Amino acid sequence: MADLTTGTLGDTLRRNGVSRRGFLKFCTATASMMALPPSMVPVLAAALDNAQRPSVIWLSFQECTGCTESLTRSHTPTLESLIFDHISLDYHHTLQVASGHAAEAAREAAMQASAGKYLLVVDGSIPLGNPGFSTIAGVSNLQILEETAAGAAAVIAMGSCAAFGGLPKADPNPTGAVAVRDIVTDKPVINVSGCPPIPVVITGVLAHYLTFGTLPELDQYSRPKAFYGTSIHDRCYRRPFYDKGLFANTFDDEGAKKGWCLYKLGCKGPMTYNACATVKWNEGTSWPVESGHGCLGCSQPDFWDAGGFYNALSIPVGDISRTASYAVAAGVALGAAAAGINRKTKTEANRQHSTVTVDDLEKTS
Amino acid sequence: MSKATLERGLNAFREQVDAPVAAFFSSCVSCGICAEACLFYTETGDPKYTPIRKLEPLRRVWEQEYTLVGKLKKVVGLAAPVTDELLQEWQELLYDSCTLCGRCSMVCPVGNDIAYMVRRAREGMVASGNSPKDVQAAAERAVRIGSPMGIKYKALAAQVKHIEADSGLTIPIDVEGADYMPLLSSMEVINFPEYIESLARIFTHAGLSWTLCSEAFEATNTGIQIGSSDIARELVQRIVDGAEKLKVKYVIAPECGHAYTSIRWEGPDLIGKPFPFKVLHILELLDELRASGRIKTENPSHERMTFHDPCSIGRKGGVIDAPRRLMQMVNSNFVEMQDHGKWNWCCGGGGGVSANTEAEALRLKVFKRKKNQIEETGADKLVTACANCRLVIEEGLEEYRVELPIEGLTELVARHLVEDK
Amino acid sequence: MNESMDFLLWTRGTAFDVAVAIFVVGILIRLFEIISLGRAANLAAPKGSEFLPGMKTILTRTLPEGGTFKRQPLTILAGYLFHIGLLVSLLLFIPHIELFRETFGFGWPGLPNPIVDAAAVLGIVGLLAALWNRLTNPVMKLLSDKEDYLVWVLTFLPLLTGYLAYHRMINPYPLAMGLHILSIELLLVLFPFTKLMHTFTLFLARWYNGAMSGRRGVES
Amino acid sequence: MNTLGPSPHPFEVSATADPGYHNSLPLLHEIAHALRLLRLKGTTTTLDLSAIPFGPGDERLLLECLGRGEVSAKLEALGDSHIWESAYPGVWVIEHRNSCGERIAFQVEITRLPSILETRLEDIEEGLLALQRALANLQTDKSV
C-alpha cells in the first residue's frame, strides 16, 4: 500500500493485463457512474489513461465504520478496486496492518512525501466538547484533522457524520460534534453524505479527480451533483403513485402490497438528495423504497432530528396536537379577558349616554 | 342646554358597536361589490359613495375601542383618530348619499348588513352635531309641533271634514275600543288626502271598526331618519300612548316606508317593551281582507301598470307578495320592473334624503336609475305604497321630463271596490 | 452551516408551534371580542324565525346576485378562482391532509397531485387577477388600505412557495419547503389580527344578516 | 450470481399485470425514435439504463419486449460482457459485468455494430506485429 512508485492509471491497468476493450468497458462503466453522457467516454478514456497516481490518507473520527464497510465490502476486485488499486492508500487505521506509532509514522511520511497533493478522506464527526472524547494515539481528532488537512489538496468528508455531524451531532449533541466543513475552511471539502454513503460515489469523485484533475461540480451542501443532483422522490419508481394520490397507509395494507407511495408512512424522499433510486444497493439488488420502507433522508443534514421517521414529511416536528390544545385553553382564558374588557367599555359608554333632544342637534362651535 | 360634541358622538359610536357590527367590520375584505348595489355609486361612478366606506368613522371606533390590535395601534399612535373634520366630511356620505335602502346589505358576499350599520353610525353623527340642518329642523318640528312638516291636528281635522263632506263617508276620530287605528304621514294629510278617503272607503266596505287618533295620527318618525333613538323613542311613545288610550287592537302603518320601520320594527325596542297591540302595514291589512273575502273588487283596469317597492316596506319590511296579489286583483296588465321585490332600486329619497335640500342635486341625478327602470317596463302608470317615494318619483320624473301618472296602491284598491255591498 | 436544513427544522418545529399557538389564541380572542359585544333583544313581533334564515344566508351568499356579476365579473371570477384554488390546495393535497390528521386525529381523502397542482395555478392566477383588479378598479383602489395589500401578500406567498416547492423551482428543497412553511406561519400569526379573520367571521356576519332579514320575513 | 432473471421482491410483480409504473414503456418509445434516426441519418444512440429509475419488473418487461435476435457476443475482459442484438435489428443490448459477475454497466445501443465489438487500430497494429513475429518464427522453424 505504501508503494509510492509513480505512473499513470493506464500503466497500472496494462500492467494488470487489461486489454483496450477492457479499458473501454471500464471507461463506459465509469462514465455511466459519473452520469456523463456516452459521448464523453473517449475523453474519459484518454484522460484516465494518463491519470497520475494520487496519495490518499483516510482518517476516522466519531464514526461506526459503516462507511468503510460500505466502501470495502464485497467490492473486490471491482470497478472501485481498479481505482483503489491505482491510488495509494497510505493511511487507513481500520484497514492497515500497522498500528500505533508505526501507523502514525506512515501518515506523517505520506504527508511529507506528497505535501499539497494528497487527498484526505475523513469519516466520522469531530467532537469539540472535550478533546478527550475521541483520540488516536493520544492525539485529539481536531488536532489530527487540522494537521492532516493542512497539506491536503482536497478533503472528502465521507458519510453524514463527516459531512454534517451525523448521528453524534443528534440532539442534544453530547460531544459537541461538528462536521469537517466546520473545521476545514481553507480547502475544498467534498461531502459524500449518506449513512452510509453509496460506495460508487467516492469512486466517482476519485475518478473525476483522476480524469480532470479537478473536483466535480458540487451542490449547496458541497456534494457531487452527479449523485446528489436529484431527489429520491424525483427518481423514485413509486412517484407515479404519489402523483395519482395512491398511498400505503400502513406497512401491511393493500397499498403497501401494491407498491404504492410511502409518503404517508414517513418517506423523506422529497427532501432527500441521493442516487439510491438508480444506483441501488447490494450490487444493484434493491434500495429502501423498493424493499417497502420509506427513505429516512440519511444523506440530508440533521436527518436524525427531523421529526419521526414514520411521520409524513408535512407533519411538524413537535406535538402539534398538544400545542393546539394548550393554545385553545389559553385562547379561551385570554378571550374571556378580552370579552370582559369590551363589555366594560360598552357598559361605560352606555352609562355615559346623555339623552339626545332636539335642542342638542347643533354642534358646539 | 346641552350641545352636540365630538365626545358625545364618540360615545354614541361606542354604544352602537354590537356583535353584528363587529362581525361585519371583521369580515369586510374591501371587495367593493357593495358599490354596485348602490345607486349613488352606479349613477355617479364616484367611488367615494361605496357603501362600506361610508362607515369609516364607526369602523375606526370599533377597531380602536373593541379590538386588541386597534387598541395597540392607538397606544403607539398608529391609529387614525375620529375627528370633527372626518365627521364633517362623512356627513354627506352618511346622509346625503344613503337612503338606508339596504340593497348593499343584500349583495355583500360576506353578509355585511351595511344599512344596519349606517343607521347605527347616524347615532354618532347626531350626537356629534354632524347631521343635516334640514333634517334637524324637521326633527325639531316633529317633536315640538307634532309633525315634521309642521302640520297640527287642526289641519287633519279640516281635511277630514272636507272628505266627509265630499264623499259622504264617516271618518271616526278618537273612538275608544275601535279595532283599527290607522296612522298617517303628514304628506298624506297635505299632498295625498285621497289616501284618507280610501281608508274610509275600505274600512266602511269591509265593515271594520276603526278610528283615527287626534293625539297620534302622525306616523313618520324623523328620529329614525336622522338616526337618534332618543328622539325616535319620544315620537313612537306618542303613538303607543294614543293606541293604548283608545285600546285599539291594531295600529295600521300608512303608505310610508320609514314609518313602517319605526313603528313595526324599531318601536318596541325603542320603548323597551312589546306593544299591547299588533302593527300591520296597510297593504298587509288589505291583503288579509282580500284573502278573507272582506273586500271585493270589480272591473280590473287593463292599463299597463308597474309597482315600485318602497325599500322599507319590501326589502326591509317583508311586505313583498301582498302588493303583487293586490295588483293582480285590480289590474289585468301588471308588469314587473326588472329588479323588483327585494332587489328593487330605491327612488333615491328615503332615509331622510328627500327632507335634505343639500342632497337635492345628487338625489335628482341618481334618480336616473329609477327612471330607466320605470321606462323599461313601458307602463302607463306607476303604483307604489309610500307617499315619500311617490313625491320623490314625481319630482324626479318631472326633472327628466317624463309624463307618468302615479297612484298609491291603497287608493287603487279603494277605487275598484264593489260599490253596493 | 446547514442553513437550509436548520431553517426547515426550525420552521417545522419551534416556529410552527409558536405560529399555531398565536393563531389559535388570536382567533379565540377575536371571536370573544366580537360576541361579547352582544345584540339587543328584539321586542318587535317577528314575521319569521332567525335561526334557519341565518343558516340559509350562510350558504346563499356564496353565490353572487346576477346583476352584481354582470357589473363586476372580474371581482367575482377572481374571487372564486382564488378561493377555490386556495381551498383545494389547502384541504385536498395529501401532505396537508396528513398534517390535519396529525393535528385533529382525523383526515379525509385527497385529490391526485396534478389536479391540486392545477388548482394551485388557478389560485395564483386568481390572486394576481384580484391584485390587478384592486389596483385598477376605482372602487377597490379607494377602499384598499395597507392591510388589504398585506393580506394579499400573506395569501399569495403560501400558494406561490407551495407551487415552487412542489415543482422544485427553489433549491435546495429543504429551503423551498422551509419558505413554504414559513409563509404559512406568517399567515397564521397575522391571521387573527387582519381581515383574514373574515374566513371565520363571515359565518357570523352572514348569519346575523340572514337572521335579521328572516325575522322581518325577507330572504336575504 | 446475479443474472438477468427477476430478483425476489416483497410483492408480486408480473409483466402482464399493471403495477402502475412503466418506465420501460417510454424507454421503448425512445428506442423506436432512435432507430428511426439511425435509418434516416445514420446517427447512433446510446441509452444508459442505469440512469433510469426502474421499478421492480421494469427491466424484465423491457428485455421481454426487446427479445433476442440472431447475433450474440461475449467479451472477456475484466469480467464477462454480454452483447446481443435484440429482435429488432439495430437495437443492441450491452451488459458489462466485472470479474465477480456484478453488473457495472447496462446499455441499449442503437447502431449497426456496437463500438466495443470493433477492433481498435492500436490492437490491429499490435496484432499485425504479433502475427508477423509469429510468421517469422514459423519461417525460421522451417528453414532450420
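Any value given below was found using the heavy atoms of this structure, including those in side chains, with hydrogens, waters and symmetry copies removed. Protein chains get the first letters and strands the later ones, always in sequence-line order, with residue 1 at the start of each. All figures in this text were calculated on a predicted structure; none of them were measured in a lab.
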Exercise. Does A:K363 reach the side chain of B:K3, with side-chain heavy atoms less than 4.5 Å apart?
Worked result: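 Not in contact.
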Exercise. Side-chain contact, heavy-atom cut-off 4.5 Å: B:E65 with A:N342?
Worked result: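 Side chain of B:E65 against side chain of A:N342, heavy atoms only: no contact under 4.5 Å found.
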For the backbone of [Y] and the side chain of [X], can you confirm whether one donor and one acceptor N or O come within less than 3.5 Å of each other?
X: B:D230; Y: A:T357; result: no
X: A:K346; Y: B:V17; result: yes
X: A:D360; Y: B:A4; result: no

For this session: Among A:V358, A:N350, A:T345, single out the residue with the greatest number of heavy-atom pairs under 4.5 Å to chain B.
Result: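 Greatest number of close heavy-atom pairs with chain B: A:V358.
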At a heavy-atom separation under 4.5 Å, does [X] approach chain A through its side chain, its backbone, both, or neither?
X: B:I231; answer: both
X: B:R144; answer: side chain
X: B:Q88; answer: side chain

Exercise. For A:H353, which of B:E15, B:E123, B:R8 qualifies under side chain to side chain contact (heavy atoms under 4.5 Å, CB included)?
Worked result: B:E15
Exercise. For the side chain to side chain contact (heavy atoms under 4.5 Å, CB included) test, which of A:T355, A:L361, A:V356 pairs with B:S228?
Worked result: A:V356
Exercise. Near A:F133 CZ, under 6.0 Å, is it more than 12 heavy atoms from other residues, nucleotides or ligands?
Worked result: yes
Problem set entry | Separation of A:E362 CD from B:K133 NZ (nearest 0.5 Å) |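 Going from the NZ atom of B:K133 to the CD atom of A:E362 covers 5.5 Å.
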